[in-house]
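The model shown is predicted, which means the values in this text are computed figures rather than measured ones. Residue numbers begin at 1 in each chain, while the letters A, B, ... track the order of the sequences.
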2 protein chains.
Amino acid sequence: MPAKQASTTGKRADAQRNIAAILDAATECLGRDPAASTSEIAKAAGVGRVTLYGHFPSRAELLDAVFVHAIEDGEEALAQVDLTGDPRDALTQLIESSWRLVDRYRSLLIAAQNTLPPGRVRELHADPMARVEKLIERGRKQGAFRKDLPTSWLVGVMHNVMHGAADEITAGRVTPDKAAAYITTTILAAFTPPGDRVPD
Amino acid sequence: MPAKQASTTGKRADAQRNIAAILDAATECLGRDPAASTSEIAKAAGVGRVTLYGHFPSRAELLDAVFVHAIEDGEEALAQVDLTGDPRDALTQLIESSWRLVDRYRSLLIAAQNTLPPGRVRELHADPMARVEKLIERGRKQGAFRKDLPTSWLVGVMHNVMHGAADEITAGRVTPDKAAAYITTTILAAFTPPGDRVPD
DNA sequence: AATAACTCGAACAATGGTGTTCGATTTGAC
DNA sequence: GTCAAATCGAACACCATTGTTCGAGTTATT
(Lines give C-alpha, C1' and ligand atoms only; values in the text may rest on other atoms or scores of the structure.)
Protein backbone atom coordinates (compact mmCIF):
# COMPACT_ATOMS: atom_id res chain seq x y z
CA MET A 1 0.00 0.00 0.00
CA PRO A 2 1.70 3.19 -1.16
CA ALA A 3 1.64 6.17 1.20
CA LYS A 4 -0.05 8.70 -1.07
CA GLN A 5 0.07 11.52 1.43
CA ALA A 6 2.91 13.95 1.80
CA SER A 7 4.17 12.45 5.03
CA THR A 8 5.04 15.22 7.43
CA THR A 9 7.45 13.07 9.39
CA GLY A 10 11.00 14.37 9.32
CA LYS A 11 9.90 17.60 7.68
CA ARG A 12 10.79 20.98 9.05
CA ALA A 13 8.20 22.89 11.07
CA ASP A 14 7.46 25.47 8.39
CA ALA A 15 7.05 22.72 5.82
CA GLN A 16 4.52 20.96 8.01
CA ARG A 17 2.68 24.22 8.49
CA ASN A 18 2.54 24.78 4.75
CA ILE A 19 1.36 21.27 4.01
CA ALA A 20 -1.48 21.77 6.47
CA ALA A 21 -2.28 25.17 4.95
CA ILE A 22 -2.35 23.67 1.45
CA LEU A 23 -4.66 20.88 2.53
CA ASP A 24 -6.97 23.35 4.22
CA ALA A 25 -6.97 25.71 1.28
CA ALA A 26 -7.55 22.85 -1.15
CA THR A 27 -10.50 21.62 0.89
CA GLU A 28 -11.93 25.11 0.86
CA CYS A 29 -11.30 25.85 -2.82
CA LEU A 30 -12.39 22.48 -4.14
CA GLY A 31 -15.43 22.76 -1.90
CA ARG A 32 -16.35 25.89 -3.81
CA ASP A 33 -15.24 24.83 -7.28
CA PRO A 34 -14.49 21.20 -8.18
CA ALA A 35 -12.22 22.44 -10.97
CA ALA A 36 -10.09 24.73 -8.81
CA SER A 37 -6.57 24.99 -10.20
CA THR A 38 -3.30 24.50 -8.35
CA SER A 39 -2.55 28.22 -8.71
CA GLU A 40 -5.81 29.05 -7.03
CA ILE A 41 -5.19 26.62 -4.20
CA ALA A 42 -1.61 27.76 -3.68
CA LYS A 43 -2.69 31.38 -3.53
CA ALA A 44 -5.43 30.57 -1.04
CA ALA A 45 -2.86 28.76 1.07
CA GLY A 46 -0.59 31.79 1.02
CA VAL A 47 2.09 29.75 -0.70
CA GLY A 48 3.90 29.67 -4.03
CA ARG A 49 2.82 27.15 -6.62
CA VAL A 50 6.29 25.66 -6.59
CA THR A 51 5.99 24.95 -2.88
CA LEU A 52 2.73 23.14 -3.52
CA TYR A 53 4.37 20.91 -6.10
CA GLY A 54 7.23 20.42 -3.70
CA HIS A 55 4.88 18.66 -1.33
CA PHE A 56 2.41 17.04 -3.71
CA PRO A 57 3.71 15.47 -6.92
CA SER A 58 0.57 16.29 -8.88
CA ARG A 59 -2.83 17.86 -8.63
CA ALA A 60 -4.38 14.42 -8.54
CA GLU A 61 -2.33 13.31 -5.55
CA LEU A 62 -3.15 16.50 -3.70
CA LEU A 63 -6.80 15.84 -4.35
CA ASP A 64 -6.41 12.31 -3.12
CA ALA A 65 -4.86 13.53 0.10
CA VAL A 66 -7.64 16.06 0.60
CA PHE A 67 -10.21 13.39 -0.01
CA VAL A 68 -8.60 11.00 2.45
CA HIS A 69 -8.66 13.80 4.99
CA ALA A 70 -12.34 14.43 4.39
CA ILE A 71 -13.16 10.74 4.77
CA GLU A 72 -11.28 10.60 8.04
CA ASP A 73 -13.20 13.60 9.28
CA GLY A 74 -16.41 11.93 8.21
CA GLU A 75 -15.56 8.65 9.85
CA GLU A 76 -14.95 10.49 13.08
CA ALA A 77 -18.44 11.98 13.00
CA LEU A 78 -20.15 8.77 11.94
CA ALA A 79 -18.41 6.75 14.61
CA GLN A 80 -20.34 8.76 17.20
CA VAL A 81 -23.70 7.52 15.94
CA ASP A 82 -25.28 4.78 18.04
CA LEU A 83 -26.52 2.11 15.66
CA THR A 84 -27.61 -0.49 18.19
CA GLY A 85 -31.27 0.42 18.82
CA ASP A 86 -34.31 0.11 16.58
CA PRO A 87 -33.02 -0.06 13.00
CA ARG A 88 -35.35 2.68 11.81
CA ASP A 89 -34.28 5.03 14.57
CA ALA A 90 -30.66 4.18 13.99
CA LEU A 91 -31.03 4.80 10.27
CA THR A 92 -32.60 8.16 11.01
CA GLN A 93 -29.64 9.12 13.13
CA LEU A 94 -27.18 7.85 10.56
CA ILE A 95 -28.88 9.77 7.76
CA GLU A 96 -28.79 12.95 9.77
CA SER A 97 -25.05 12.69 10.34
CA SER A 98 -24.30 11.51 6.83
CA TRP A 99 -26.34 14.30 5.36
CA ARG A 100 -24.26 16.93 7.10
CA LEU A 101 -21.17 15.37 5.56
CA VAL A 102 -22.63 15.05 2.10
CA ASP A 103 -23.73 18.66 2.26
CA ARG A 104 -20.26 19.78 3.29
CA TYR A 105 -18.17 17.64 0.96
CA ARG A 106 -20.40 17.46 -2.06
CA SER A 107 -18.25 19.55 -4.36
CA LEU A 108 -15.13 17.77 -3.22
CA LEU A 109 -16.66 14.46 -4.22
CA ILE A 110 -17.32 15.77 -7.71
CA ALA A 111 -13.72 16.91 -7.99
CA ALA A 112 -12.52 13.50 -6.88
CA GLN A 113 -14.71 11.70 -9.38
CA ASN A 114 -13.44 13.89 -12.19
CA THR A 115 -9.79 13.46 -11.29
CA LEU A 116 -9.02 10.31 -9.36
CA PRO A 117 -8.59 6.95 -11.09
CA PRO A 118 -11.84 5.04 -11.45
CA GLY A 119 -12.72 3.04 -8.36
CA ARG A 120 -10.58 5.12 -6.05
CA VAL A 121 -13.54 7.08 -4.69
CA ARG A 122 -15.45 3.93 -3.94
CA GLU A 123 -12.36 2.39 -2.41
CA LEU A 124 -12.10 5.26 0.04
CA HIS A 125 -15.80 5.04 0.77
CA ALA A 126 -15.52 1.42 1.83
CA ASP A 127 -15.66 2.11 5.57
CA PRO A 128 -18.66 4.43 5.68
CA MET A 129 -20.37 2.17 3.21
CA ALA A 130 -19.79 -0.89 5.35
CA ARG A 131 -21.39 0.94 8.25
CA VAL A 132 -24.57 1.56 6.27
CA GLU A 133 -24.59 -1.96 4.90
CA LYS A 134 -24.27 -3.50 8.30
CA LEU A 135 -27.19 -1.51 9.65
CA ILE A 136 -29.36 -2.39 6.68
CA GLU A 137 -28.52 -6.06 7.02
CA ARG A 138 -29.50 -6.02 10.65
CA GLY A 139 -32.71 -4.17 9.86
CA ARG A 140 -33.58 -6.81 7.29
CA LYS A 141 -33.03 -9.67 9.70
CA GLN A 142 -35.31 -7.99 12.21
CA GLY A 143 -37.99 -7.39 9.61
CA ALA A 144 -37.67 -3.62 9.71
CA PHE A 145 -36.33 -3.24 6.16
CA ARG A 146 -37.34 -4.91 2.93
CA LYS A 147 -35.54 -7.98 1.66
CA ASP A 148 -36.79 -8.04 -1.92
CA LEU A 149 -34.12 -5.65 -3.13
CA PRO A 150 -30.35 -6.16 -2.87
CA THR A 151 -28.66 -4.47 0.05
CA SER A 152 -26.25 -2.78 -2.33
CA TRP A 153 -29.20 -1.26 -4.14
CA LEU A 154 -30.64 0.13 -0.93
CA VAL A 155 -27.28 1.61 -0.04
CA GLY A 156 -27.20 3.21 -3.46
CA VAL A 157 -30.69 4.64 -3.08
CA MET A 158 -29.74 6.26 0.19
CA HIS A 159 -26.64 7.67 -1.43
CA ASN A 160 -28.49 9.03 -4.42
CA VAL A 161 -31.33 10.58 -2.48
CA MET A 162 -28.87 12.41 -0.27
CA HIS A 163 -26.83 13.72 -3.17
CA GLY A 164 -30.01 14.59 -5.00
CA ALA A 165 -31.06 16.65 -1.99
CA ALA A 166 -27.83 18.59 -2.29
CA ASP A 167 -28.70 19.38 -5.90
CA GLU A 168 -32.16 20.54 -4.87
CA ILE A 169 -30.61 22.92 -2.38
CA THR A 170 -28.19 24.26 -4.97
CA ALA A 171 -31.14 24.86 -7.28
CA GLY A 172 -32.99 26.62 -4.48
CA ARG A 173 -35.95 24.27 -4.48
CA VAL A 174 -35.32 22.95 -0.99
CA THR A 175 -34.14 24.79 2.10
CA PRO A 176 -31.23 23.21 3.96
CA ASP A 177 -33.15 22.94 7.23
CA LYS A 178 -35.85 20.75 5.69
CA ALA A 179 -33.57 18.51 3.68
CA ALA A 180 -32.75 16.02 6.43
CA ALA A 181 -36.42 15.41 7.19
CA TYR A 182 -37.26 14.91 3.54
CA ILE A 183 -34.44 12.44 3.09
CA THR A 184 -35.32 10.47 6.20
CA THR A 185 -39.00 10.25 5.35
CA THR A 186 -38.23 9.16 1.80
CA ILE A 187 -35.67 6.54 2.72
CA LEU A 188 -37.70 5.03 5.54
CA ALA A 189 -40.61 4.60 3.15
CA ALA A 190 -38.41 3.14 0.44
CA PHE A 191 -36.89 0.66 2.90
CA THR A 192 -40.20 -0.51 4.36
CA PRO A 193 -40.94 -4.17 3.57
CA PRO A 194 -43.83 -4.80 1.15
CA GLY A 195 -47.08 -5.32 3.07
CA ASP A 196 -45.94 -3.20 6.02
CA ARG A 197 -47.35 0.23 6.68
CA VAL A 198 -45.24 3.26 5.80
CA PRO A 199 -44.17 4.89 9.10
CA ASP A 200 -45.36 8.25 10.41
CA MET B 1 -36.94 32.72 -28.27
CA PRO B 2 -33.70 32.39 -30.23
CA ALA B 3 -33.47 29.55 -32.71
CA LYS B 4 -30.34 27.86 -31.38
CA GLN B 5 -30.32 25.12 -33.95
CA ALA B 6 -28.62 25.34 -37.29
CA SER B 7 -31.80 25.79 -39.25
CA THR B 8 -31.70 23.58 -42.31
CA THR B 9 -34.17 25.74 -44.21
CA GLY B 10 -32.73 27.25 -47.37
CA LYS B 11 -29.59 25.15 -47.03
CA ARG B 12 -28.33 22.99 -49.84
CA ALA B 13 -29.00 19.27 -49.78
CA ASP B 14 -25.43 18.26 -48.95
CA ALA B 15 -25.35 20.81 -46.14
CA GLN B 16 -28.52 19.36 -44.65
CA ARG B 17 -27.05 15.89 -44.94
CA ASN B 18 -23.91 16.98 -43.15
CA ILE B 19 -25.80 18.75 -40.40
CA ALA B 20 -27.75 15.58 -39.77
CA ALA B 21 -24.54 13.52 -39.84
CA ILE B 22 -22.91 15.87 -37.34
CA LEU B 23 -25.87 15.70 -35.00
CA ASP B 24 -25.90 11.93 -35.22
CA ALA B 25 -22.18 11.63 -34.67
CA ALA B 26 -22.30 14.08 -31.78
CA THR B 27 -25.07 12.11 -30.14
CA GLU B 28 -23.04 8.98 -30.54
CA CYS B 29 -19.69 10.43 -29.40
CA LEU B 30 -21.07 12.40 -26.47
CA GLY B 31 -23.03 9.34 -25.51
CA ARG B 32 -19.75 7.53 -25.16
CA ASP B 33 -17.64 10.35 -23.72
CA PRO B 34 -19.21 13.51 -22.30
CA ALA B 35 -15.97 15.36 -23.04
CA ALA B 36 -15.77 14.38 -26.70
CA SER B 37 -13.99 17.07 -28.73
CA THR B 38 -15.17 18.76 -31.89
CA SER B 39 -12.39 17.03 -33.83
CA GLU B 40 -13.64 13.67 -32.65
CA ILE B 41 -17.22 14.47 -33.55
CA ALA B 42 -16.31 15.86 -36.97
CA LYS B 43 -14.26 12.78 -37.77
CA ALA B 44 -17.08 10.48 -36.67
CA ALA B 45 -19.44 12.45 -38.91
CA GLY B 46 -17.08 12.02 -41.86
CA VAL B 47 -16.70 15.76 -42.08
CA GLY B 48 -13.97 18.36 -41.65
CA ARG B 49 -13.82 20.33 -38.46
CA VAL B 50 -14.26 23.54 -40.44
CA THR B 51 -17.55 22.27 -41.82
CA LEU B 52 -18.74 21.55 -38.32
CA TYR B 53 -17.98 25.11 -37.24
CA GLY B 54 -19.65 26.30 -40.40
CA HIS B 55 -22.94 24.90 -39.14
CA PHE B 56 -22.58 25.32 -35.40
CA PRO B 57 -20.99 28.49 -34.04
CA SER B 58 -19.48 26.73 -31.03
CA ARG B 59 -19.18 23.42 -29.29
CA ALA B 60 -21.72 24.58 -26.74
CA GLU B 61 -24.33 25.38 -29.33
CA LEU B 62 -23.80 22.05 -31.03
CA LEU B 63 -24.31 20.37 -27.72
CA ASP B 64 -27.44 22.38 -27.17
CA ALA B 65 -28.82 21.28 -30.50
CA VAL B 66 -28.01 17.65 -29.77
CA PHE B 67 -29.69 17.93 -26.42
CA VAL B 68 -32.80 19.49 -27.91
CA HIS B 69 -32.89 16.62 -30.36
CA ALA B 70 -32.65 14.08 -27.58
CA ILE B 71 -35.42 15.75 -25.62
CA GLU B 72 -37.66 15.71 -28.68
CA ASP B 73 -36.94 12.03 -29.17
CA GLY B 74 -37.75 11.44 -25.54
CA GLU B 75 -40.96 13.42 -25.66
CA GLU B 76 -42.06 11.32 -28.58
CA ALA B 77 -41.59 8.14 -26.58
CA LEU B 78 -43.16 9.49 -23.41
CA ALA B 79 -46.19 10.81 -25.25
CA GLN B 80 -47.10 7.20 -26.04
CA VAL B 81 -47.52 6.30 -22.39
CA ASP B 82 -51.11 6.16 -21.18
CA LEU B 83 -51.28 8.04 -17.90
CA THR B 84 -55.02 7.94 -17.34
CA GLY B 85 -55.50 4.73 -15.33
CA ASP B 86 -54.53 3.88 -11.76
CA PRO B 87 -51.77 6.30 -10.77
CA ARG B 88 -49.47 3.53 -9.55
CA ASP B 89 -49.84 1.58 -12.77
CA ALA B 90 -49.36 4.73 -14.79
CA LEU B 91 -46.25 5.63 -12.82
CA THR B 92 -44.87 2.17 -13.44
CA GLN B 93 -45.33 2.61 -17.16
CA LEU B 94 -43.87 6.06 -17.10
CA ILE B 95 -40.84 4.90 -15.18
CA GLU B 96 -40.23 2.11 -17.63
CA SER B 97 -40.23 4.46 -20.60
CA SER B 98 -38.27 7.16 -18.81
CA TRP B 99 -35.68 4.67 -17.68
CA ARG B 100 -34.94 3.63 -21.23
CA LEU B 101 -34.30 7.26 -22.08
CA VAL B 102 -32.17 7.93 -19.04
CA ASP B 103 -30.12 4.86 -19.82
CA ARG B 104 -29.62 5.98 -23.40
CA TYR B 105 -28.90 9.65 -22.85
CA ARG B 106 -27.14 9.56 -19.52
CA SER B 107 -23.72 10.56 -20.79
CA LEU B 108 -25.23 13.27 -22.94
CA LEU B 109 -26.85 14.80 -19.90
CA ILE B 110 -23.51 14.95 -18.13
CA ALA B 111 -21.99 16.69 -21.13
CA ALA B 112 -24.83 19.19 -21.17
CA GLN B 113 -24.47 19.95 -17.48
CA ASN B 114 -20.74 20.52 -17.88
CA THR B 115 -21.11 22.80 -20.88
CA LEU B 116 -24.47 24.52 -21.13
CA PRO B 117 -25.28 27.65 -19.12
CA PRO B 118 -26.79 26.89 -15.72
CA GLY B 119 -30.51 26.34 -15.85
CA ARG B 120 -30.56 25.46 -19.51
CA VAL B 121 -30.78 21.73 -18.87
CA ARG B 122 -33.69 22.19 -16.52
CA GLU B 123 -35.34 24.55 -18.96
CA LEU B 124 -35.26 21.88 -21.64
CA HIS B 125 -36.56 19.31 -19.19
CA ALA B 126 -39.64 21.36 -18.46
CA ASP B 127 -41.99 19.30 -20.61
CA PRO B 128 -41.06 15.81 -19.43
CA MET B 129 -40.98 17.16 -15.91
CA ALA B 130 -44.45 18.61 -16.19
CA ARG B 131 -45.68 15.22 -17.30
CA VAL B 132 -44.34 13.56 -14.17
CA GLU B 133 -45.61 16.35 -11.96
CA LYS B 134 -49.08 16.14 -13.34
CA LEU B 135 -49.26 12.41 -12.73
CA ILE B 136 -47.99 12.79 -9.19
CA GLU B 137 -50.49 15.53 -8.46
CA ARG B 138 -53.32 13.36 -9.66
CA GLY B 139 -52.05 10.43 -7.64
CA ARG B 140 -52.00 12.59 -4.54
CA LYS B 141 -55.56 13.78 -5.03
CA GLN B 142 -56.70 10.19 -5.36
CA GLY B 143 -54.82 9.15 -2.24
CA ALA B 144 -52.38 6.92 -4.11
CA PHE B 145 -49.28 9.02 -3.39
CA ARG B 146 -48.13 10.77 -0.26
CA LYS B 147 -48.91 14.41 0.34
CA ASP B 148 -46.51 15.11 3.20
CA LEU B 149 -43.60 15.84 0.86
CA PRO B 150 -43.51 18.50 -1.86
CA THR B 151 -44.31 17.30 -5.36
CA SER B 152 -41.06 18.80 -6.61
CA TRP B 153 -39.19 16.66 -4.09
CA LEU B 154 -40.91 13.51 -5.28
CA VAL B 155 -40.06 14.38 -8.86
CA GLY B 156 -36.46 14.85 -7.78
CA VAL B 157 -36.40 11.50 -5.98
CA MET B 158 -37.61 9.72 -9.09
CA HIS B 159 -34.99 11.51 -11.13
CA ASN B 160 -32.18 10.69 -8.74
CA VAL B 161 -33.08 7.05 -8.30
CA MET B 162 -33.13 6.57 -12.05
CA HIS B 163 -29.80 8.26 -12.59
CA GLY B 164 -28.39 6.41 -9.62
CA ALA B 165 -29.45 3.18 -11.27
CA ALA B 166 -27.46 4.15 -14.33
CA ASP B 167 -24.40 4.59 -12.12
CA GLU B 168 -24.97 1.20 -10.56
CA ILE B 169 -25.01 -0.36 -14.00
CA THR B 170 -21.83 1.44 -15.00
CA ALA B 171 -20.22 0.12 -11.83
CA GLY B 172 -21.45 -3.37 -12.66
CA ARG B 173 -23.43 -3.81 -9.47
CA VAL B 174 -26.77 -4.02 -11.25
CA THR B 175 -27.69 -5.72 -14.51
CA PRO B 176 -29.63 -3.60 -16.99
CA ASP B 177 -32.53 -6.02 -17.17
CA LYS B 178 -33.25 -5.75 -13.46
CA ALA B 179 -32.85 -2.01 -13.17
CA ALA B 180 -36.38 -1.04 -14.19
CA ALA B 181 -37.94 -3.35 -11.63
CA TYR B 182 -35.69 -2.06 -8.86
CA ILE B 183 -36.51 1.52 -9.70
CA THR B 184 -40.24 0.92 -9.87
CA THR B 185 -40.34 -0.96 -6.59
CA THR B 186 -38.29 1.69 -4.85
CA ILE B 187 -40.27 4.64 -6.14
CA LEU B 188 -43.66 3.10 -5.49
CA ALA B 189 -42.65 2.49 -1.89
CA ALA B 190 -41.22 5.96 -1.51
CA PHE B 191 -44.40 7.51 -2.88
CA THR B 192 -46.80 5.49 -0.71
CA PRO B 193 -48.71 7.66 1.77
CA PRO B 194 -47.81 7.20 5.44
CA GLY B 195 -50.10 4.62 7.03
CA ASP B 196 -50.71 2.79 3.76
CA ARG B 197 -49.18 -0.57 3.04
CA VAL B 198 -46.22 -0.78 0.69
CA PRO B 199 -47.44 -2.51 -2.51
CA ASP B 200 -46.38 -5.98 -3.68
C1' DA C 1 26.88 30.81 13.12
C1' DA C 2 26.80 27.15 10.06
C1' DT C 3 24.14 24.26 7.27
C1' DA C 4 20.64 22.07 5.17
C1' DA C 5 15.89 22.54 4.37
C1' DC C 6 12.66 25.26 2.62
C1' DT C 7 10.42 28.98 -0.16
C1' DC C 8 9.87 32.21 -3.82
C1' DG C 9 8.65 34.22 -8.45
C1' DA C 10 9.62 34.15 -13.01
C1' DA C 11 10.23 31.81 -16.85
C1' DC C 12 9.84 27.65 -19.63
C1' DA C 13 8.03 23.53 -22.16
C1' DA C 14 4.30 20.63 -23.17
C1' DT C 15 -0.38 19.66 -23.75
C1' DG C 16 -4.83 19.87 -25.67
C1' DG C 17 -8.46 21.99 -26.61
C1' DT C 18 -11.33 26.07 -29.24
C1' DG C 19 -12.36 28.92 -32.91
C1' DT C 20 -10.68 31.44 -37.29
C1' DT C 21 -8.61 32.29 -41.76
C1' DC C 22 -6.76 30.91 -46.12
C1' DG C 23 -7.09 29.44 -50.82
C1' DA C 24 -8.24 25.62 -53.63
C1' DT C 25 -11.71 22.39 -54.89
C1' DT C 26 -16.04 19.96 -55.26
C1' DT C 27 -20.95 19.79 -55.64
C1' DG C 28 -25.70 21.06 -55.69
C1' DA C 29 -29.35 24.19 -57.72
C1' DC C 30 -31.68 26.46 -61.49
C1' DG D 1 -23.29 25.30 -67.86
C1' DT D 2 -23.07 28.68 -64.74
C1' DC D 3 -22.65 30.31 -60.18
C1' DA D 4 -23.20 30.33 -55.60
C1' DA D 5 -22.95 27.33 -51.85
C1' DA D 6 -20.48 24.12 -49.45
C1' DT D 7 -16.44 21.49 -48.57
C1' DC D 8 -11.52 20.44 -47.41
C1' DG D 9 -6.99 20.36 -44.80
C1' DA D 10 -3.52 23.02 -43.14
C1' DA D 11 -2.12 26.54 -40.64
C1' DC D 12 -2.76 30.00 -37.23
C1' DA D 13 -3.65 32.55 -32.79
C1' DC D 14 -5.34 31.87 -28.41
C1' DC D 15 -6.03 30.37 -23.89
C1' DA D 16 -5.71 27.79 -19.63
C1' DT D 17 -3.61 24.33 -17.27
C1' DT D 18 -0.01 21.24 -15.60
C1' DG D 19 4.45 20.33 -14.15
C1' DT D 20 9.57 21.67 -14.23
C1' DT D 21 13.81 24.32 -13.80
C1' DC D 22 16.59 28.07 -12.21
C1' DG D 23 18.93 30.89 -9.06
C1' DA D 24 18.47 33.79 -5.24
C1' DG D 25 16.68 34.48 -0.88
C1' DT D 26 14.79 33.02 3.81
C1' DT D 27 14.24 30.21 7.92
C1' DA D 28 14.36 26.27 11.08
C1' DT D 29 17.50 23.39 13.31
C1' DT D 30 21.84 22.06 15.81
Side-chain angles (χ1 to χ4, degrees), chain A residues 4-26 29-30 32-67 107 110-117, chain B residues 4-26 29-30 32-67 107 110-117:
Chain A
K4 284 262 184 177
Q5 314 213 40
S7 63
T8 59
T9 58
K11 298 280 176 75
R12 234 170 61 178
D14 53 350
Q16 296 185 24
R17 233 183 305 125
N18 281 335
I19 291 174
I22 291 169
L23 283 173
D24 281 358
C29 290
L30 293 167
R32 236 185 308 103
D33 173 17
S37 68
T38 52
S39 318
E40 208 173 327
I41 294 169
K43 192 183 299 178
V47 145
R49 209 161 58 92
V50 184
T51 302
L52 189 154
Y53 277 101
H55 292 303
F56 301 92
S58 73
R59 185 180 182 278
E61 299 217 36
L62 167 59
L63 220 145
D64 193 286
V66 170
F67 199 73
S107 173
I110 294 173
Q113 277 161 340
N114 290 342
T115 312
L116 265 37
Chain B
K4 285 262 183 179
Q5 314 213 39
S7 63
T8 60
T9 59
K11 297 278 177 77
R12 240 170 56 179
D14 53 349
Q16 297 184 21
R17 232 185 303 124
N18 280 334
I19 290 173
I22 291 169
L23 282 172
D24 281 358
C29 290
L30 293 167
R32 236 186 308 102
D33 172 17
S37 69
T38 52
S39 318
E40 207 173 326
I41 294 169
K43 192 183 297 177
V47 145
R49 208 161 58 93
V50 185
T51 303
L52 189 153
Y53 278 101
H55 293 303
F56 301 92
S58 72
R59 185 180 183 277
E61 299 217 35
L62 167 59
L63 220 144
D64 193 286
V66 171
F67 200 73
S107 173
I110 294 172
Q113 276 160 341
N114 290 342
T115 311
L116 266 36

Shortest non-hydrogen contact between A/F56 and A/A65, atoms and distance
CE2-CB, 4.0 Å

Rounded to the Å, how far apart are B/K43 NZ and C/dT18 P?
13 Å

Here's a test of your reading of the structure: between B/A13 and B/S39, which maps to the more 5' nucleotide of DNA chain C?
B/S39

First encountered from the 5' end of DNA chain C, between B/S37 and B/D14:
B/S37

Phosphate OP1/OP2 of C/dT27 contacted by B/R17 side-chain N/O (<4.0 Å)
no

Taking CD from A/E40 and P from D/dA16, how many angstroms apart are they, rounded to a whole number?
13 Å

From D/dT20, C/dC6, D/dC8, nucleotide with atom closest to A/K11 side chain
C/dC6

How far apart are the closest heavy atoms of A/I22 and A/I41, and which atoms are they?
O-CG2, 4.1 Å

Measure from CD on A/Q16 to P on C/dT7 and round the result to the nearest Å.
11 Å

Heavy-atom pair of closest approach, residues A/A26 and A/V66
CB-CG2, 3.5 Å

From B/R17, B/Q16, B/R12, residue fulfilling side-chain hydrogen bond (donor to acceptor under 3.5 Å, both in side chains) relative to B/D14:
B/R12

How long is the line joining CD1 of A/I19 and C1' of C/dT7, in whole Å?
13 Å

Given D/dG19, C/dT18, D/dC8, the nucleotide with the shortest approach to the side chain of B/T38
C/dT18

Taking the side chain of B/V50 as heavy atoms from C-beta outward, which of D/dA11, C/dA29, D/dC8 is closest to it?
D/dC8

Side-chain N or O of A/N18 less than 4.0 angstrom from OP1 or OP2 on C/dT7?
yes

B/L62 CG to C/dG19 C1': how many Å, rounded?
14 Å

Atom pair distance, as rounded to whole Å: CZ in A/F56 and P in C/dT7
11 Å

Under 4.0 Å: is that the gap between some side-chain N or O of B/H55 and OP1 or OP2 of D/dA6?
no

Backbone N or O of A/S107 within a donor-acceptor pair of the A/R32 side chain at under 3.5 Å?
no

Whole angstroms only, please: what is the CG-C1' distance between B/N114 and C/dT18?
17 Å

Is A/R59 touching bases, backbone alone, or none of the nucleic acid, heavy atoms closer than 4.0 Å?
sugar-phosphate

Would you mind reading off the distance between A/R49 atom CZ and C/dC12 atom P, rounded to a whole angstrom?
14 Å

Which one, D/dA4, D/dT27, C/dG9, comes nearest to the side chain of A/R12?
D/dT27

